[in-house]
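What follows is a single structure, and I will ask about it in a moment.
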Amino acid sequence: MNSLKRMPAEWEQQDAIILTWPHHASDWSGSLPLIEPVYKTLVQQITRFETVLLLCHDEKTLARAKKSLASPLINQQRILFTICKTDDVWARDYGPLTIYAGDIPLILDFNFNGWAEKYPYDQDNLVTANLIEKKILKETSYEPIDFIIEGGSVETDGQGTLLTTRSCLLQPKRYHSNETEVEDFLAKTLYFN
């Protein structure tokens, strides 16, 4: 008998949005004065409605983020700062995916390989485990998944429909053997056990 698992849709209620503040060791290093105001606007808009978990690469990045976000237009109560080393800033691809097994949230930690080994990824691949170890993510179940995926490559309506692209998941450096393997694995991992 199958036990129902469900990956919620993006528009469903969530506890927080994870963002990584641009930093000197990322691909934005030469453009920090240009990109930080964009991130400030993102945080300002998100905190109107929900919490932002803001990953900061190091103490220097944390100080820059706090200085930039010190504004009466930003709901400071809805920002959770933490130091967490990253290679890049696109947390959606390397951060956790949450599914529900019944009513219980389950944090999945897929492997990430820097967009098919195009960019450094060692620190990005450890983000979810680091957030669990620091007890920043809610008390819940945690499951490392030995399967390479980018979190942003999967979209769902929360009702069992999952969208992705062949060009992303079947890219040779993601090491999946074929389309059927990927479909079966995602269906089993994200929807049925």
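Here, residue 1 is the first one in the sequence, and each next residue gets the next number. Hydrogens, waters and symmetry mates play no part in the numbers below; they use all other heavy atoms, side chains included.
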Short side-chain donor-acceptor distance under 3.5 Å, Trp28 and Glu36: no
Below 30° counts as parallel, above 60° as perpendicular, anything between as tilted: where do the rings of Tyr121 and Phe112 land? perpendicular
Pair His23-Thr86, side chain to side chain donor-acceptor pair (under 3.5 Å): steps then yes or no: CA-CA 9 Å; His23 57 84; Thr86 61; 2.9 Å; yes
Closest contact, heavy atoms only, Ile107 versus Pro96: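 Shortest heavy-atom contact: CG2-CB, 3.6 Å.
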CG on Asp184 to CD on Glu179, rounded to 0.5 Å: 10.5 Å
Can Glu12 and Arg6 be counted as an ion pair, charged N to O under 4.0 angstrom? yes
Give a yes or no on whether the backbone of Lys173 and the side-chain of Asn113 come within a donor-acceptor separation of less than 3.5 Å.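 Yes, Asn113 side chain to Lys173 backbone: donor-acceptor pair under 3.5 Å.
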Would you name the heavy atoms of Gln76 and Ala70 that are closest together and state the gap between them? NE2-CA, 4.3 Å
If you measure only the distance, is there a donor-acceptor pair under 3.5 Å linking the side chains of Tyr142 and Asp109?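 Yes, because at least one side-chain N or O of Tyr142 sits under 3.5 Å from a partner of the opposite role on Asp109.
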With rounding to the nearest 0.5 Å, note down the distance linking OG1 in Thr51 to CD in Gln77.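 The distance works out to 10.0 Å.
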Distance from Ser153 atom OG to Leu169 atom CG, nearest 0.5 Å? 4.5 Å
Co-membership, hydrophobic cluster, residues Ile145 and Leu170, 4.5 Å side-chain: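 Yes; Leu170 is reachable from Ile145 via cluster members.
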Ile136/Leu80 under side chain to side chain contact (heavy atoms under 4.5 Å, CB included): CA gap, chis, key distance, verdict: CA-CA 9 Å; Ile136 291 170; Leu80 302 173; 5.8 Å; no
When you compare the side chain of Leu55 with that of Lys85, does any pair of heavy atoms fall below 4.5 Å? no
Heavy atoms from other residues, nucleotides or ligands near CD of Gln14 exceed 12 (cutoff 6.0 Å): yes
Hphob cluster co-occupancy, Trp115 + Ile148, side-chain heavy atoms under 4.5 angstrom: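 Trp115 and Ile148: separate clusters.
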Using side chain to side chain contact (heavy atoms under 4.5 Å, CB included), reason through Leu32 and Tyr39 one step at a time and then give a plain yes or no. CA-CA 10 Å; Leu32 292 179; Tyr39 269 71; over 6 Å; no
Ion pair present between Arg78 and Glu50, side-chain N to carboxylate O less than 4.0 angstrom? no
Are any side-chain N or O atoms of Asn75 and backbone N or O atoms of Arg48, one a donor and one an acceptor, separated by less than 3.5 Å? no
How many angstroms lie between atom CG of Leu54 and atom CD1 of Ile79, to the nearest 0.5 angstrom? 7.0 Å
For atom CD1 of Ile104, decide whether the heavy atoms of other residues, nucleotides or ligands shown that lie under 6.0 angstrom number more than 12. no
Phe185 and Phe147 aromatic ring geometry - parallel, tilted or perpendicular at 30°/60° bounds: parallel
Compare every heavy atom of Cys168 with every heavy atom of Thr165, then report the nearest pair and how far apart it is.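 Heavy atoms only, the tightest pair is OG1-CB, 3.2 Å.
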Kindly indicate whether a cation-pi arrangement holds for Lys66 with Phe81, taking the cut-offs as under 6.0 Å to the six-membered ring centre and within 45° of the axis. yes
Leu190 side chain near Lys5 side chain, heavy-atom distance below 4.5 Å: no
Could you measure the distance from the CG atom of Leu19 to the CG atom of Leu53? Nearest 0.5 Å is fine.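 The distance works out to 8.5 Å.
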Distance (rounded to the nearest 0.5 Å) between Cys84 SG and Leu62 CG: 12.0 Å
Do you reckon Trp90 sits in the same ILVMFWY cluster as Ile149, going by side-chain contacts under 4.5 Å, direct or chained?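 Result: no, two separate clusters.
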Closest approach of Met7 and Leu162, non-hydrogen atoms and distance? SD-CD1, 4.4 Å
With a 6.0 Å cut-off (strictly less than), is the heavy-atom count around CG of Asp146, excluding the residue itself, greater than 12?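 At most 12 heavy atoms, drawn from other residues, nucleotides or ligands, come within 6.0 Å of this atom.
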How far apart are the closest heavy atoms of Lys40 and Leu69, and which atoms are they?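 In terms of heavy atoms, the two residues are closest at CA-CD2, 3.8 Å.
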Do side-chain atoms of Thr47 reach the backbone of Val43 as a donor and acceptor pair under 3.5 angstrom? yes
Do you reckon Val154 sits in the same ILVMFWY cluster as Leu108, going by side-chain contacts under 4.5 Å, direct or chained?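 Same hydrophobic cluster.
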Inspect the contact between Arg92 and Glu10 and indicate whether a charged nitrogen and a carboxylate oxygen are less than 4.0 angstrom apart. yes
Between Thr189 and Ile99 the two heavy atoms that sit nearest each other are O-CD1, 3.4 Å
Any Ile18 side-chain heavy atom under 4.5 Å of Val52 side chain: no
Passes side chain to side chain contact (heavy atoms under 4.5 Å, CB included), Glu155 versus Thr164? Steps please. CA-CA 7 Å; Glu155 296 287 339; Thr164 189; over 6 Å; no
Dump the intermediate steps for side chain to side chain donor-acceptor pair (under 3.5 Å) on Tyr94 and Thr20, then the final yes or no. CA-CA 11 Å; Tyr94 56 73; Thr20 302; 2.8 Å; yes
Mark yes or no for whether Asp88, through its side chain, and Ser26, through its backbone, hold a donor-acceptor pair below 3.5 Å. no
Test of understanding: clusters of I, L, V, M, F, W, Y form through side-chain heavy atoms closer than 4.5 Å, transitively. Do Val182 and Phe110 belong to the same one?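 The answer is yes; both residues are in one hydrophobic cluster.
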Is there a side-chain contact between Ile35 and Trp21 (heavy atoms, below 4.5 Å)?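 No, too far: nothing below the 4.5 Å cut-off.
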Applying side chain to side chain donor-acceptor pair (under 3.5 Å), run through Thr156 and Tyr191 and close with a yes or a no. CA-CA 11 Å; Thr156 180; Tyr191 284 100; 2.3 Å; yes
